[in-house]
Amino acid sequence: MRSQINEQDLRQEFDRLEKTLSDSSIYQKDNYPQLAKRFKELTEIIHLLDKRKILNYQQQDAEALTKNSDSALAVLAETELEEILSEKQKLQQALEQLFVSNEDQKISGNCLLEIRAGVGGAEACLFATDLQRMYLKFIEKKSWKIEVISQSLAESGGYKEIISEITGQQAYSQLQFESGVHRVQRIPSTESQGRIHTSTVSIAVLPIAKETDLTLDANDLKIDTYRSSGPGGQGVNKTDSAVRVTHLPTKLVVICQDGRSQLKNKEKALEVLRSRLLEKQIAETEAKTSSQRKKLIGRAFRNEKIRTYNFPQDRLTDHRIAKNFSNLADILNGQLQPLINQLIDYETQ
């Protein structure tokens, strides 16, 4: 749940950041760029808040003078009051543009959708494919765009991992609560004795980080190029277009090989890396300051679930809101909006 940020909270945050940034040792820390960016945002906001406070005092004085027995002075005060109210309106508009938390900025943007098979072997990979198709259908209904950045196919069929970029108005705000472990209970087609199997797929939805959000040090990157394999056509497979980027300090690895252009694959890989690193920094910061931190994504164990898809009972259960939804066929065909609406209402109330 997101809490409302008031002026007192902002001033306290500003004072804390000002004190933190006055220590020269902060320049060596990984989160310095984010802290400096936030301090700059707060500086602008505090300046406008101070200006608004002055205008409030001026408004009180002008309102008092409009009641003066001297009619000429009262007329001048009326004119001054109009100018003050006009200035306050402009200032309020400027504040509304700046008075936005980092989380709110993420909500309106594009996002990355990462789907990974977890526990369950071949069945988990097949369910990962079902979820990818479900999101594709939902994205079609929203008239958004989706571009596959990277995929890894299982020998037995389905995806071991698939990463896509989603472009569309409020894409992140609509999909952010899909992050977590999705559990499926069903009878695989290869099951001869009719036993129900349980498998998991983990989903991560990340706001796309821009270069201004997080700067990557070239010395921290190892970039390898090689010949692509798998789907993509002959043009992809005949050139060294695949790119693997390793972030040395964190050991995070991003591979992008679905495009024909090595340059484009590199740009997409760096985009994914920035987004993961930014989310990692945010998660670490929140974990230190709140015991209520919700993990973005678990280790894909069966008990770390946010949602269960029970095929024998034709039922989807979202464990966060403790509600059941029937007709799995429609849901897996992209009919996600009713569920998403309830999650948004629950998380923002």
Side-chain angles (χ1 to χ4, degrees), residues 109-118 122 124-139 144-168 171-172 175-176 178-182 200-211 213-214 216 220-248 250-280 296-297 299-300:
N110 306 327
C111 63
L112 296 174
L113 173 65
E114 302 186 353
I115 301 176
R116 294 182 181 85
C125 295
L126 292 174
F127 186 54
T129 305
D130 291 339
L131 291 184
Q132 172 71 0
R133 179 181 178 276
M134 177 182 74
Y135 292 121
L136 280 173
K137 292 293 184 180
F138 178 70
I139 288 164
W144 296 341
K145 294 181 180 179
I146 184 169
E147 178 184 359
V148 175
I149 294 177
S150 175
Q151 58 183 309
S152 175
L153 299 174
E155 292 182 4
S156 56
Y159 293 113
K160 290 191 289 185
E161 176 186 89
I162 180 166
I163 301 172
S164 307
E165 178 178 338
I166 300 172
T167 305
Y172 179 77
L175 292 173
Q176 59 179 320
E178 294 301 296
S179 293
V181 174
H182 296 233
T200 65
V201 170
S202 60
I203 304 289
V205 179
L206 308 176
I208 293 177
K210 302 176 183 177
E211 290 187 49
D213 296 324
L214 189 146
L216 295 172
D220 291 339
L221 303 177
K222 180 185 177 185
I223 300 178
D224 301 306
T225 58
Y226 56 95
R227 186 156 299 179
S228 179
S229 61
Q234 294 181 353
V236 169
N237 298 327
K238 287 183 178 180
T239 61
D240 292 337
S241 59
V243 175
R244 179 175 54 243
V245 179
T246 304
H247 187 247
L248 300 175
T250 61
K251 308 302 181 186
L252 282 174
V253 177
V254 176
I255 296 173
C256 187
Q257 62 177 14
D258 277 38
R260 296 189 175 209
S261 165
Q262 183 186 112
L263 178 60
K264 184 176 180 181
N265 282 337
K266 178 183 175 182
E267 289 175 349
K268 291 296 181 183
L270 291 174
E271 180 181 87
V272 173
L273 179 60
R274 274 193 298 270
S275 298
R276 289 184 184 174
L277 287 172
L278 185 60
E279 186 61 36
K280 183 174 182 291
L296 174 65
I297 189 166
R299 291 171 291 170

Rounded to the nearest 0.5 angstrom, the CD-CD1 distance for Glu271 and Ile163 is 11.0 Å
Closest heavy-atom pair, Cys256 versus Ile149, reported as atoms and distance to 0.1 Å, is SG-O, 3.1 Å
Separation between CD (Glu114) and OG (Ser164), nearest 0.5 Å, reads 9.5 Å
Item to complete: Indicate yes or no for a side-chain donor-acceptor contact from Asn110 to the backbone of Gly168 under 3.5 Å, with no hydrogens or angles considered.
Response: yes
Report task. Check the pair Tyr159 / Leu153 against side-chain contact (heavy atoms from CB on, under 4.5 Å), numbers first and verdict last. Result -> CA-CA 5 Å; Tyr159 293 113; Leu153 299 174; 3.4 Å; yes
In this structure, NE2 of His247 is separated from CG of Leu221 (nearest 0.5 Å) by 6.0 Å
CG of Leu252 to OG1 of Thr246, rounded to nearest 0.5 Å, is 9.5 Å
CG of Leu277 to OG1 of Thr250, rounded to nearest 0.5 Å, is 5.0 Å
Rounding to 0.5 Å, atoms CG (Leu131) and CZ (Phe138) come to a distance of 14.0 Å
In terms of heavy-atom contacts, Trp144 and Thr167 come closest through CB-O, 3.3 Å
Scanning both residues in full, the closest heavy-atom pair of Ala124 with Val201 reads O-CG2, 3.4 Å
So the salt bridge (Lys or Arg N to Asp or Glu O under 4.0 Å) pairs with at least one residue in residues 128-138 (sequence neighbours excluded) are Asp130-Arg186
- Give a yes or no answer on whether the side chain of Ser152 reaches the backbone of Glu161 with a donor-acceptor pair at less than 3.5 Å. no
For Lys266 and Ile223 the tightest heavy-atom approach is CE-CD1, 3.7 Å
On a heavy-atom basis, the closest approach of Leu113 and Gln132 is CD2-OE1, 4.3 Å
Checklist line | N/O donor-acceptor pair under 3.5 Å between Ser150 side chain and Ile255 backbone | finding: yes
Correct closest heavy-atom pair for Cys111 and Leu175 would be SG-CD1, 4.3 Å
Walk me through whether Tyr135 and Ile115 qualify under side-chain contact (heavy atoms from CB on, under 4.5 Å).
CA-CA 10 Å; Tyr135 292 121; Ile115 301 176; 4.0 Å; yes
